[in-house]
Protein chains: 2
Amino acid sequence: MTSGTPTSSARAVTLEQPTLGAACEAIADALEREALVTVFGRCTVDYEGRASSTLEAGDRHVMLKPDGAALVHTDEGQQPVNWQPPGCTHDVFCDRAGDDIDANGAETLVLESGRPTPDERLCVRFQDVLQVSAFSGTDENELTLSGTEEDLRQRILEEPTLLEAGFRPLATERETAAGAVDIYGEDAAGRTVVVELKRRRVGPDAVGQLRRYVDALERDLHADADVRGILVAPSVTDRADRLLVDHGLEFVSLEPTSE
Amino acid sequence: MTSGTPTSSARAVTLEQPTLGAACEAIADALEREALVTVFGRCTVDYEGRASSTLEAGDRHVMLKPDGAALVHTDEGQQPVNWQPPGCTHDVFCDRAGDDIDANGAETLVLESGRPTPDERLCVRFQDVLQVSAFSGTDENELTLSGTEEDLRQRILEEPTLLEAGFRPLATERETAAGAVDIYGEDAAGRTVVVELKRRRVGPDAVGQLRRYVDALERDLHADADVRGILVAPSVTDRADRLLVDHGLEFVSLEPTSE
DNA sequence: CTGTCGATATCGTGG
DNA sequence: CCACGATGTCGACAG
């Protein structure tokens, strides 16, 4: 073997236009080996659980992950049309659905994925399978992400004057009766300051959240306490701005990263 | 041809262990034909846009949809580790990245997907491709879903007594300064009632939302107006329940469907 | 485009 | 398990 591209232990096994029986066998084997399985073909999809849904026949791409997740994708949209979260149990079998009017006695390949709590189940029934694949590989590395709310918090803690001159952070995630406050501190005059951080432009919900924290702290610290509430985000919507004014809250424009 | 399974116009074309050049050609051709493309292999992933992220080499499954969506899946999780929304432009090319320390002069296959507003771009760089597939098919049917907030609304409109005896709905989506109210009506005593619907157990946010509607309506209808606010959901959390009591709001337990 | 809100939201963290 | 809040949330719909 010549040196060059490092050899990966990853494998991909593919069946093209398999019979339903061959597809069933291959999928069962791949699930057993904890491979990631994909199936493309014409299918119907039914879901019953937190809600319920049905989807008539169409050509779709199904992915079964070894952690129990299931995804049904059409040729459109970022989101799967149907899915099942991780932790589910996958099952595959061939079924001669004589009773099923739609199937009309023809054999079908059935993928089922379900879990007990909450009780929910996804059933994908293939009339026709064009491809089955089984993938195995390794993925040791984690995603590193920046531009998050956590980055915004670090930015303020490292340079509190970004919020305002004289601001002193005293705690993060300080608990109140209404939940944990992002940053808790004092201003130059010694008044208590509650800071709510948002990584992007915010609407009314964020103002409501800040208001609950301020109210809770004014109670915790006794009635005469004067607590300032500051919302920190790149920008606010008009409605949110009006709510801020109505409730005597403040806004500071700041982004998660300096550029 | 014997009768039996109806013939589908769907097609699936697969390359196993292609050279990077062959993979590139096949992907370019498939994108041209507006097929759904999947690529499995060892790759790094970089994203720059609303935030930014990097992901070191690992074995992953990439899907490029003809509507411009891109998805990068690992063997775990329901959500893609990286993605691009519909409306993006996909591009593929082979690159001898001599400057790139990681690539170490070896040839790589690059998938890029981006859009101008917001300006963001995803770059998947394959060291090794184990499989390339191109899928085409049709999916005319839409998902039918039940157990939604809309179902809960219908349930109450058809049988207002589920909310309380004497309740009369007057409008849905009634506009207020704080946004549109789910159901607007009157109780047996002629008092204005604002109803906020949630299809599942709710926390503090929903109470805040209801409160904003009640406040807005009390202003709209002049100061002495007595407006009742009723939250309708299967159940509420403790904290939300306390907020309801604090703000003089009410709760009715109801699910989106009767069973 | 922006604003607003629902979602089978998902996901992580903490109790 | 439940609760709470962040998310590159995504989507749909209205203005």
Side-chain angles (χ1 to χ4, degrees), chain A residues 47-53 69-72 76-88 115-122 143 145-153 173 175 178-182 196-206 208-209 212-213 235-241 256, chain B residues 47-53 69 71 76-87 115 117-122 143 145-153 173 175-176 178-182 196-206 209 212-213 235-241 256:
Chain A
Y47 163 76
E48 187 83 36
R50 286 168 287 170
S52 53
S53 73
L71 302 167
V72 183
E76 287 186 339
Q78 176 176 338
Q79 296 306 124
V81 65
N82 276 115
W83 69 90
Q84 207 65 278
C88 290
R115 60 173 178 172
T117 53
D119 191 14
E120 57 181 352
R121 201 161 62 111
L122 181 71
L143 186 78
L145 179 66
S146 68
T148 64
E149 182 179 303
E150 174 61 21
D151 292 315
L152 179 55
R153 175 164 71 170
E173 300 299 319
E175 281 299 332
V181 166
D182 283 339
E196 174 62 28
L197 307 172
K198 295 293 172 190
R199 68 169 295 280
R200 63 172 193 173
R201 183 174 175 83
V202 296
D205 279 6
Q209 200 181 335
R212 291 198 299 276
Y213 296 146
S235 58
V236 294
T237 67
D238 278 357
R239 197 118 77 184
D241 193 36
Chain B
Y47 163 76
E48 187 84 36
R50 286 170 288 170
S52 54
S53 73
L71 303 167
E76 288 185 339
Q78 177 177 334
Q79 295 306 124
V81 65
N82 275 114
W83 69 92
Q84 206 64 281
R115 61 173 178 173
T117 55
D119 190 14
E120 57 182 352
R121 202 157 66 110
L122 181 71
L143 186 77
L145 180 66
S146 68
T148 64
E149 183 179 302
E150 174 61 20
D151 292 313
L152 178 56
R153 175 164 71 171
E173 300 298 319
E175 280 300 331
T176 72
V181 167
D182 284 338
E196 174 62 27
L197 307 172
K198 295 293 172 189
R199 67 167 298 279
R200 64 171 194 171
R201 182 175 176 84
V202 295
D205 279 6
Q209 199 179 337
R212 292 199 299 276
Y213 297 145
S235 58
V236 293
T237 67
D238 278 359
R239 198 120 76 186
D241 193 36

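The chains referred to below are lettered A, B, ... by the order of the sequence lines, with proteins before strands, and numbering in each begins at 1.
Of all heavy-atom pairs spanning B/P204 and B/T237, the tightest one is CD-OG1, 4.3 Å. The nearest pair of heavy atoms linking B/A240 to B/V202 is CB-O, 3.9 Å. The two residues B/N82 and B/L122 have their closest heavy-atom pair at CB-CD1, 3.8 Å. Contact record, A/G87 with A/R115: O-CB, 4.4 Å, taken as the closest heavy-atom pair. Closest approach of B/Q78 and A/P85 over heavy atoms only: OE1-CA, 3.3 Å. Across all their heavy atoms, B/G77 and A/A69 have their closest contact at O-CB, 4.1 Å.
Not counting sequence neighbours, the partners of A/E173 by the side-chain contact (heavy atoms from CB on, under 4.5 Å) test are A/R153, A/A180, A/D182. Under the side-chain contact (heavy atoms from CB on, under 4.5 Å) criterion, B/R199 pairs with A/R50, A/A51, B/P256, sequence neighbours left out. Evaluation of the side-chain contact (heavy atoms from CB on, under 4.5 Å) rule for A/S235 yields A/R201 as partners, not counting sequence neighbours.
Rounded to whole Å, atom P of C/dT10 lies 17 Å from atom CD of B/E76. Nucleotide D/dT7 holds its C1' atom 15 Å from the CG atom of A/L197, rounded to whole Å. We find that CD of B/E150 is positioned 9 Å from P of C/dA7, with the value rounded to whole Å. Taking atom CG of A/L71 as the reference point, atom P of C/dA9 lies 16 Å away to the nearest angstrom. In this entry the distance linking CG of B/L152 with P of C/dA7 reads 10 Å, nearest Å. Between A/E120 atom CD and C/dT8 atom P the separation is 11 Å, expressed in whole Å. As rounded to whole Å, 20 Å separates atom P of D/dC10 from atom CG of A/N82.
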Return the polar atom pairs (N/O with N/O) between nucleotides 11-15 of chain C and the protein under 3.5 Å, or none.
| residue | atom | partner | partner atom | Å |
| --- | --- | --- | --- | --- |
| C/dC11 | OP1 | B/Q78 | N | 2.8 |
| C/dC11 | OP1 | B/Q79 | N | 2.9 |

Polar atom pairs (N or O), protein with nucleotides 3-5 of chain D, under 3.5 Å:
| residue | atom | partner | partner atom | Å |
| --- | --- | --- | --- | --- |
| D/dA3 | OP1 | B/R201 | NE | 3.1 |
| D/dA3 | OP1 | B/R201 | NH2 | 2.0 |
| D/dA3 | OP2 | B/R201 | NE | 2.4 |
| D/dA3 | OP2 | B/R201 | NH2 | 3.4 |
| D/dC4 | OP1 | B/R239 | NE | 3.3 |
| D/dC4 | OP2 | B/T237 | OG1 | 2.6 |
| D/dG5 | OP1 | A/A178 | O | 3.4 |
| D/dG5 | OP1 | A/Y213 | OH | 3.0 |

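Phosphate proximity of D/dC10 to B/W83: present, with a side-chain N or O under 4.0 Å from OP1 or OP2.
Taking a pair as Watson-Crick or G-U with both hydrogen-bonding distances under 3.5 Å, the stems of three or more pairs touching DNA chain D are C:1-7 with D:9-15, C:9-15 with D:1-7.
A/E149 contributes atom CD, which lies 12.0 Å from atom CZ of A/R200 (distance to the nearest 0.5 angstrom). Note: B/R239 CZ to B/D205 CG = 11.5 Å, rounded to the nearest 0.5 Å. Taking CG of B/D151 as the reference point, atom OG of B/S146 lies at 5.5 Å (rounded to 0.5 Å).
Closest to the side chain of B/T148, from the set D/dG8, C/dA7, C/dC1, is C/dA7. Candidate nucleotides C/dC1, D/dG8, C/dA7 were compared by shortest atom distance to the side chain of B/Y47, and D/dG8 ranks first.
Nucleotides C/dT4 and C/dT8 place their P atoms 23 Å apart, quoted to the nearest Å. For D/dT7 and C/dG6, the C1' atoms lie 15 Å apart once the distance is rounded to whole Å. Taking atom P in both C/dC11 and D/dG11, the straight-line distance is 15 Å, to the nearest Å.
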